[in-house]
Amino acid sequence: NTPITKFGNQFLDSPSGVFQNSLSTILPWKEKLFNVMSYISYQKDRQTMDILPASYVNANGNFPQAGGFETLRQDTESETFMANHSASVGFSYKKWTFTPEVGLNLGFNNLQSLLSGSNGTAYTGLGQSFQNDTDWNEIQPYTQVGINFKSNSFNLSLNLPYNFYDITYRDNLRGNSLHTTRSVLEPSLFASLDFASFFKIWAFASQSNDFGNFGFLYEGKMLTSPLGLTQRFNYESPMIMPEYRNSNLGSRLEYRNPLNNLFFNVRYSYSVNKRNLIERFSGDGFNSSLTLLALDNTSESQTESAEIGKYFPKFKTNTSLSFSNSDSKSFSFFNQLQESKISRQNMGIKFNNTYFSWLSVDYTATLNWATQKNTSQNSENKTSGWNHNLAAYVYPFENHTIGFFWDEINSEAKNQSFTNAFYDISYQYTWAKKKIDFEIKWLNIANTDVFERISYDPQFLLTSVSSIRIRPSQVMFTVKFNFK
């Protein structure tokens, strides 16, 4: 594959204003105490993004309108008003606690955007297709009951919310609107049990729904990045509101023995997400446009992990070893429907030692590797990486501390590998009588100026290398005051 290389300048101005007010009080009524809460928030955001040259956005012909201008400018403004009110009261009976609650959540939002181009100083709008004025309003009354049971060895927490959703989307420019009303039970469960002296087991399960949020739908095209032209709507088929359902369950078994300083745990989790919409990308992965398509799809993931560790008091050393495996399956729409499967493994080690009174050492290291498959394209790629962190502190004299830090991060894909190493050193003097710390730190001793990583996306069949310029080597002096 031929690498895609494009250069452009981006200028971003994003002022924001927020007003928030919250109230929480307890009101007595007869023998009960009612907890009343109220939260109000108003936020207004503006953003101006300039892209030069405009042809940067039209890297592969996905945005031909940009070809007639030297500079693109996108002006965006959003307003959000939120109000959340609730009241609850608790009842106890032996080891049980019941907490009924009622509440009302309100959200009123407006989004406006305009994309324009310039060949000098004046900007000309690209037309209504690149303009937005949309409202997204939500009214959500709810009622729920929290049930808790607590004994010496068993704990149970069950939450049973019944939520009512009334959501309206409206396009003020084009006169289109969508509306949905739903009433759903969204329960969650958490339980734990202590047994056989040193064992403890947890279990959890939950189910929730997502009917969209502010910014999920808009009919005018917007640049969500200098390379991403987004239109979260679909005119080719009747548009519908999003309806997503997410279900999760999991368990954890832990053993912790203070007599021999040994511990271990094993964990398992599983989640499934059912959707009625899918994001449809078209382009080449580097430069793409996005719309929405009504298509039922389901993603699944599961994770298994284990950790074992031990403290050696004779050597004043803590050490642990962990391993995890995760498998996922999901669907995307990039020029056509794509099914992706990812199998990822991680292994880590932790080490801490304070054997010498004048030295302490902390060290962590992780390895990761993954197999990423696009079954629709019969494509498979492997990626890997590792990172480690060392922190060593030397205490040559009382109130004097010298620190050395070493971080290294590696990523590998498509026979390319990038390694980034960073070194810091510090000296701290503690003026114990005045409770003041003086610290001088030399950061980035190696004077590394670029942080580079490589990654692979099986949905887009895209290998990406990201390079981030970072601060050069520098010295920092800090004074810390302790007023306790």
- Task: Using only heavy-atom distances, determine whether the side chains of Glu79 and Tyr42 contain a donor-acceptor pair under 3.5 Å.
- Result: yes
- Do we see a donor-acceptor contact under 3.5 Å between the side chains of Trp386 and Thr366? no
- Check Gly117 against Phe69 and note the closest heavy-atom contact, atom names and distance. C-CD2, 3.3 Å
Distance-only criterion, 3.5 Å: show the donor-acceptor pairs between side-chain atoms of residues 86-103 and protein atoms not counting sequence neighbours.
from	atom 1	to	atom 2	distance (Å)
Glu101	OE1	Gln144	NE2	3.2
Glu101	OE2	Tyr142	OH	2.7

- Residues Arg252, Glu254: salt bridge by 4.0 Å N-O rule: yes
- Does a side-chain heavy-atom distance below 4.5 Å link Leu158 with Val145? no
- Message: Using the ring centroid of each side chain, check whether Phe204 and Phe190 are separated by less than 6.0 Å.
- Response: no
- Do Thr134 and Glu219 have side chains that get closer than 4.5 Å, going by heavy atoms? no
- Query: Would you call Lys373 and Glu339 a salt bridge, taking side-chain N to carboxylate O under 4.0 Å as the test?
  - Reply: no
- Testing Asp135, Asn213, Asn137, Thr80 for side-chain hydrogen bond (donor to acceptor under 3.5 Å, both in side chains) with Asn109, which one passes? Thr80
- Query: Does the side chain of Asp210 come within less than 4.5 Å of Arg275's, by heavy atoms?
  - Reply: no
- Query: Does any non-hydrogen side-chain atom of Lys441 lie less than 4.5 Å from one of Val475?
  - Reply: no
- Message: What verdict does the side chain to side chain contact (heavy atoms under 4.5 Å, CB included) test give for Tyr244 and Ser208, after you've listed the backbone C-alpha separation in whole Å, the side-chain angles of each residue and the deciding distance to 0.1 Å?
- Response: CA-CA 8 Å; Tyr244 298 171; Ser208 60; over 6 Å; no
- Query: Do Val18 and Ser16 come close enough that some side-chain heavy atom pair is under 4.5 Å?
  - Reply: yes
- Item | Ring centers of Phe333, Phe331 separated by less than 6.0 Å | no
- Task: Report the residues that fulfil ring pair (Phe, Tyr, Trp, His ring centres under 6.0 Å) with Phe108, sequence neighbours left out, ordered by chain and then residue number.
- Result: none
- Task: Answer yes or no: is there a donor N or O on one side and an acceptor on the other, between the side chain of Asn297 and the main chain of Leu295, under 3.5 Å?
- Result: yes
- Message: Walk me through whether Glu138 and Asn105 qualify under side chain to side chain contact (heavy atoms under 4.5 Å, CB included).
- Response: CA-CA 8 Å; Glu138 301 181 38; Asn105 298 330; over 6 Å; no
- Item | pair Thr48-Asp50: side-chain heavy atoms closer than 4.5 Å | yes
- Heavy-atom check, side chain of Gln428 versus side chain of Lys480, under 4.5 Å: yes
- Message: Distance to the ring centre below 6.0 angstrom and angle to the axis at most 45 degrees; does that hold for Arg469 and Phe451?
- Response: no
- Query: With a cut-off of under 6.0 Å to the ring centre and 45° to the axis, is Arg73 in cation-pi contact with Tyr123?
  - Reply: yes
- With side chains defined as the heavy atoms from C-beta onward, is the minimum distance between Arg46 and Ser14 less than 4.5 Å? no
- Just do the ring-ring contact (aromatic ring centres under 6.0 Å, His included) check on Phe211 and Tyr165 with the steps written out, would you? CA-CA 8 Å; Phe211 300 105; Tyr165 294 90; 4.9 Å; yes
- Task: Apply the ring pair (Phe, Tyr, Trp, His ring centres under 6.0 Å) test between Phe405 and each candidate in Tyr393, Trp442, Phe422, Tyr423; give the one that qualifies.
- Result: Tyr393
